[in-house]
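What follows is a single structure, written as structure tokens, with notes after it.
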Amino acid sequence: MSRFGEVDDEYDPHALEERVFEYWDDVDAYERTKQHRADGESFFFVDGPPYTSGSAHMGTTWNKSLKDVYIRYKRMQGFDVTDRPGYDMHGLPIETKVEEKLGFENKKDIEEFGEENFIEACKEYADEQLEGLQSDFKSFGVWMDWDDPYKTVNPEYMEAAWWGFSKAADRGLVEQGQRSISQCPRCETGLANNEVEYEDVEDPSIYVTFDLVDREGSIVIWTTTPWTIPANAFTAVDPDLEYAAVRGVKDGESDVIYVAEACVEDVLKKGRYDDYEVLETLEGSEMLGWEYEHPLAEEVPDHADHDGAHQIYAADYVEADRTGLVHSAPGHGEEDFVRGRELGFPIFCPVGSDGVYTEAAGKYEGQFVKDADEDIIADLEANGAMLASEHVHHSYGHCWRCDTGIIQIVTDQWFITITDVKDELLDNIDDSEWYPEWARDSRFRDFVEEAPDWNVSRQRYWGIPIPIWTPEGRDDDEDTIVISTREELAERVDQDIDPDTVDIHKDTVDDLTITEDGTTYTRVPDVFDVWLDSSVASWGTLDFPEDDSQFEELWPADFILEAHDQTRGWFWSQLGMGTAAMGEVPYDKVLMHGHALDEDGRKMSKSVGNVVEPHEAIDRHGSDAMRMFLLSANPQGDDMRFSWDGMRTMENNLRTLWNVFRFPLPYMRLDGFDPTETTLESVDEDLELVDEWILARLQSTKAEITEHFEEFRQDRALEALLEFVLEDVSRFYIQAVRERMWDESDSPSKAAAYATIYRVLEEVVVLLAPFAPFVTEEIYGTLTGGDGHPTVHMHDWPEVEEYWADSELETDVAYVRAVEEAGAHARQQAGRKLRWPVARVVVAANDERVVEAVNRHESLVGDRLNAREIELVEPGQQWGELAYSAEADMSKLGPAFGGRAGEVMNALNEARIDEASLEALEDAVDDVLGDGDELTEDMVSFVTQTPDDIAGTPFGLENEEAGVVYVDASLTDDIESEGYAREVIRRVQEMRKDLDLDVEERIVLELEIDDDRVADLVAGREDLICEEVRADELRTVDVDNGQRKTWDVEGVSVELALEPVAAEASD
RNA sequence: GGGCCAAUAGCUCAAUCAGGUUGAGCGCCACUCUGAUAAGGUGGAGGCUCUCGGUUCAAAUCCGAGUUGGCCCA
């Protein structure tokens, strides 16, 4: 780009972004930026791998934008940042998508299709999805190493998982065992807790009576899963809870039932008893050991029949809810299973992995459990064991992928027994720093404290095979071989394989056997839970252990950043795996952001139809605006509401930046301004106050932005930067230096303004580059020509230059601006447009610094407020003809007046007095002051009430009242003369614009004013008018080539006509 | 059912930790400027600070109980 070249008149994000993409390509911007930092201190960022199904939604887009902004920021600070993106490509979600595509119903279809073919189809599908995600991420300018992402399906990555797992096994943390797990009967695999989604469904709700063996009556249990009744082994009570024996009467017959005392009324009502009587109450502990009969003993002949079966036991999962007695089936429920094992019971589970009753279920054999509910309910009724049967709406777990209702069954699974290292896990949490802190201390810690052993085995195909080989014919966890690398695999297996080329997916490794000491070992057929894949990302991303060149230096990760759903996901799996394998937490700093919600704060969901696609946002407002909008949201734990309005605002902000940037370009070009020669340092002597001020503001803005970045509050950094650009640069500085740019001669002042604005723009663009990488690139290129870096993203992060810092000056100008704003307000109150001069502006200051500031900037204030004269009233002095009231300071009034403080405040606010003294004030509020009440200086501040013709407006900084600006709007002939002249000028300018005249074009003007007095006043300013509108003479005009128009100026009719001089000459 | 977080102007948020007359930006409306012009400036309207209790002279703020939303867990 050539320096100060022509740029688009308007900010057009789409054309601009397209140009920048091409430019990046042409100059290898990304590669060179990375290369530029290759020798820097390393910063190890690890990308949490998105799952490759579906495209990038607004949440993913937010996540990647955040990553990009911090990566760019760190790079600019000189760090060599690891930026390898990752993709999570294994797992059930992809299997189910592929099954859907192929029209498969269950595992049998897959087996017929062939494991190898199925795995290949999954890989193809995942790769397709990956490409879609990559192009989405690239489209909004994320700079990561897209040519070399880590993929969880690559052999070297799978090996990283094997290695980690084998380290955990070395520490004795891998075991096989029975567990009660959530099983998806369709996918025929166990699910991790975090793969279970809860939905509201209708289920049976039954109250069942178990007849007692040694005494009259029965106990009552409640359940929503009738299909677990066949597996009942015992019933649980709370030994400390009060229970009651109740005789209920129904249809003339009576039953004795036992329930918790608190539940008596509810249960009897459910059972539709006409009347009841409490026979006795007893503690749960007194019921322990009572024996009862299995209500389906005949239907299920093989039911649990061991010693101690069908008795009452204590358990801590009992609550005084429903009946206060809990039907317990250790072959199903997790708590039941744990308690059953404690009691030493054998586990009876008559249900297969497909949810169909086995032979052990007797009468129900071959039925799908949920379908058997009806039969079981009917049988219980027939057996007289049904107290009440109804239905209930409740939330019930479903498979996260196929939406099938899960069942709890006990099966053999492989575990990483992280409960054995719970203390270590909790200790390791403290080695990580979280933003926000509560995410770690409240949320994460709670989760880790309660986390059970990690079930890592899945009975599926598309995953990393579990690298465990067991002696043939056995599948227990004794004498196992755990393989850690491909090399080790090649060495130990009986078959001949090449470790460099072998793909270690299930179809390949299933056939491999190991023979050692005369024993043949075969692999356990399971694959890993997909969460184990990403849990090893901190070394998998380095291709460790295959490539050990970086691990030592980089590990653990310096920084990770994900949404709050990853507390139970990646944040946890990495802690678990890191601790099990390495004894350490694999990350130092964690930034946890929220989810992207719709405009109403609801979750975006396809079924609701409120999803905003990122590409639509880009189409409407551009990538830069979208990024800035996303990055303007607080990243620490809070959810973000998407807002089209917010998007538009960001685009408008960029448009203002664009206008600020292109405004000085024509002048700089015209004057041949060369920023390498005319540097800020070279024009130091010629800098005007406003230049020094904007440079000082720039320094404190830089400091503020960097501080926010270090606290992971890029939203606040952006806010500070935008405020600087919009408030300080656009609305104040540019306004103030415009006239210096118009100066046609080469003045030192103009050079100083150029150098200042150049420095400001350059640094602004660098500071904004991490947020808006496109527009900043183009601006930077235009400013630097060939002299800068090839890309703004190679630039160093701007540091505060103490030389230019000047907090006193910043404060002074802040006062001046406050005066100006208040003056403009007062003008409006007085009904005097800015075009009309006012006789004087009086600044009544409360503070000596205001006096200084206004003195130093008197002409600036005078110009801006179009005042003939600026008058100052020193602190402590009073300006004539003012009335006063008072404002109360509640922090003083409260303690002094107690309950009456509010009343006193109101009286003070309403009081009107002639002089600002406490005595006068006390008199005015006499009726609310009691005997001995006294007002003091610090309780009140006086407020002025102004006379006619004069409007006053208070001004100040941040709640501190610094004084009052009065505008004297009384009229004189001189003022009216200029005012009317300005009215004429402005209308002529508008007509010039209508005629599309060039700025330099000369005209002749005709001027006809109805009102004699006004005509005289305007005549006195003919020179001014001619000069401003570039009129050569005033005379009658032939409007064939020009324009004639009659205007209403403050009620006076003014006829104007003009034509260009050139046009007239050609007549 | 339990844990964590949030709730303040139409919208996005600040003020909450350390109690003292609720603020900003955007949007809307009116006015204004006219050599950045699909830009700029000024003003106005707009708040039972989610509800109910408590502590206090004083509560958006502290405490308790709810309601709604989000995430997590069962």
Side-chain angles (χ1 to χ4, degrees), chain A residues 9-11 193-194 196 198 319 321 334-335 394-397 436 438-439 441-447 449-451 563-569 572 592 594-595 597 599-603 629 632-634 636-646 648-650 652-653 655-656 658-667 715-716 719 722-723 726-727 730-731 734-735 738-739 741-742 820-829 831 833-835 864 887-902 905-906 908-909 953 958-959 985-987 989-990 992-993 999-1000 1028:
Chain A
D9 280 353
E10 274 172 47
Y11 169 58
N193 285 334
N194 48 26
V196 177
Y198 290 82
E319 283 170 23
D321 186 39
E334 193 175 336
E335 290 168 319
H394 68 150
S395 75
Y396 187 78
W438 57 257
D441 294 335
S442 301
R443 203 176 180 160
F444 193 50
R445 193 178 301 278
D446 285 356
F447 180 80
E449 272 168 2
E450 285 170 25
H564 46 41
D565 57 334
Q566 297 302 330
T567 323
R568 66 163 186 177
W572 156 244
M592 184 189 92
H595 281 177
L597 309 178
E599 303 214 58
D600 301 323
R602 289 169 313 175
K603 195 161 130 171
F629 169 73
S632 70
N634 181 350
Q636 298 195 4
D638 286 349
D639 288 337
M640 178 221 3
R641 280 204 207 187
F642 184 81
S643 149
W644 286 111
D645 200 42
R648 199 173 330 116
T649 302
M650 282 305 170
N652 285 342
N653 291 343
R655 184 166 293 119
T656 301
W658 188 258
N659 287 335
V660 165
F661 149 68
R662 76 186 190 88
F663 158 72
L665 288 183
Y667 307 104
D715 57 322
R716 290 190 163 159
E719 196 186 351
L722 286 178
E723 190 181 322
L726 301 175
E727 289 296 327
S730 170
R731 289 178 194 166
I734 295 291
Q735 303 296 329
R738 271 151 57 152
E739 287 189 32
M741 306 252 157
W742 303 334
E820 188 194 324
E821 267 172 38
H825 184 197
R827 255 181 167 284
Q828 182 147 331
Q829 302 281 57
K833 301 179 212 174
L834 189 57
R835 212 179 290 139
R864 292 224 168 196
E887 269 185 14
D889 181 348
M890 285 310 284
S891 66
K892 301 296 187 305
L893 227 51
F897 290 95
R900 291 183 296 122
M905 176 190 81
N906 287 332
L908 289 171
N909 287 345
T953 300
E958 319 208 347
N959 304 329
I985 290 167
R986 140 131 165 73
R987 285 166 176 81
Q989 300 288 31
E990 195 166 316
R992 285 183 62 112
K993 198 171 157 190
V999 173
E1000 306 289 335
E1028 291 283 323

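Below, all heavy atoms of this structure are taken into account, side chains as well, without hydrogens, waters or symmetry copies. Every chain is numbered from 1 and lettered A, B, ... according to where its sequence line falls, protein lines coming before strand lines.
- Paired runs in RNA chain B that reach 3 or more consecutive Watson-Crick or G-U pairs, where each pair keeps both distances under 3.5 Å, cover B:1-7 with B:67-73, B:10-13 with B:23-26, B:28-32 with B:40-44, B:50-54 with B:62-66.
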| task | Sugar-phosphate means primed atoms, P, OP1 and OP2; the rest is base. With that split, encode nucleotides 3-10 of chain B 5' to 3' as B, S or - using protein heavy atoms under 4.0 Å. | result | BSS-----
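- By the 30° and 60° cut-offs, the orientation of the rings of W572(A) relative to F444(A) is perpendicular.
- Of all heavy-atom pairs between W438(A) and M592(A), the closest is CH2-CE, 3.9 Å.
- Taking every side-chain heavy atom of E10(A) into account, rA38(B) is the closest of rG70(B), rA38(B), rA36(B).
- Across rC62(B) and rC17(B), the matching P atoms stand 5 Å from one another, rounded to whole Å.
- As rounded to whole Å, 18 Å separates atom P of rC13(B) from atom CD of E723(A).
- Aromatic ring pairs are classed by plane angle as parallel below 30°, tilted from 30° to 60° and perpendicular above 60°; the pair F629(A) and F642(A) is perpendicular.
- The base of rA38(B) does not come close enough to the side chain of R655(A) for any donor and acceptor atom to sit less than 3.5 Å apart.
- Atom name P, nucleotides rC5(B) and rA65(B): the rounded distance is 14 Å, in whole Å.
- Donor-acceptor pairing under 3.5 Å, judged by distance alone, is absent between the side chain of S730(A) and the base of rA39(B).
- Computed from coordinates, the M650(A) CE to rC26(B) P distance equals 11 Å when rounded to whole Å.
- Nearer to the 5' terminus of RNA chain B, by closest-nucleotide assignment, is the contact made by N634(A) (compared with the other of L726(A) and N634(A)).
- Looking at heavy atoms from C-beta onward, H564(A) lies in side-chain contact with H595(A) at the 4.5 angstrom threshold.
- Between the CG atom of L722(A) and the CD atom of E727(A) there is a distance of 11.0 Å, given to the nearest 0.5 Å.
- Straight-line distance from the CG atom of L722(A) to the P atom of rA24(B): 18 Å, rounded to whole Å.
- Nucleotide rA15(B) holds its C1' atom 11 Å from the CZ atom of R716(A), rounded to whole Å.
- A distance of about 16 Å separates the P atoms of rC48(B) and rU61(B), rounded to the whole Å.
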Sort me out a list of protein N/O and nucleotides 62-65 of chain B N/O pairs below 3.5 Å, or just none if empty.
none

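- One distance of note links OG1 of T656(A) with CD1 of I734(A); it measures 11.5 Å at 0.5 Å rounding.
- Taking the P atom of each, rG23(B) and rA15(B) are spaced 15 Å apart, rounded to whole Å.
- Taking the C1' atom of each, rG10(B) and rU55(B) are spaced 35 Å apart, rounded to whole Å.
- Not one side-chain nitrogen or oxygen of R648(A) sits closer than 4.0 Å to the OP1 or OP2 atom of rC26(B).
- Nucleotides rC63(B) and rU22(B) are separated by 22 Å at their C1' atoms, to the nearest Å.
- Between the P atom of rU12(B) and the CG atom of L597(A) lies a distance of 10 Å, rounded to the nearest Å.
- When the P atom of rC11(B) is taken as reference, atom CZ of F642(A) falls 17 Å away, rounded to whole Å.
- One atom, CZ of R738(A), and another, P of rU34(B), lie 10 Å apart when rounded to the nearest Å.
- Atom P of rC72(B) sits at a distance of 35 Å from the matching atom of rC26(B), rounded to the whole Å.
- Rounded to whole angstrom, the span from the CG atom of N652(A) across to the P atom of rG25(B) amounts to 15 Å.
- When the side-chain nitrogen and oxygen atoms of T656(A) are compared with OP1 and OP2 of rG40(B), one or more of them lie within a distance under 4.0 Å.
- Remark on RNA chain B: of its neighbouring residues Q735(A) and T567(A), the 5'-side contact belongs to Q735(A), judged by nearest-heavy-atom nucleotide.
- Among the nucleotides rA15(B), rA36(B), rC11(B), the one closest to any side-chain atom of R641(A) is rC11(B).
- Comparing rA59(B) with rA18(B), their C1' atoms sit 15 Å apart, to the nearest whole Å.
- Comparing atom distances between the I734(A) side chain and each of rC72(B), rA36(B), rU34(B) picks out rA36(B) as nearest.
- In this structure, D715(A) and Q636(A) have side chains that are not in contact, with every pair of non-hydrogen atoms separated by 4.5 Å or more.
- Contact check, K603(A) against rC71(B): a side-chain N or O comes under 4.0 Å of OP1 or OP2.
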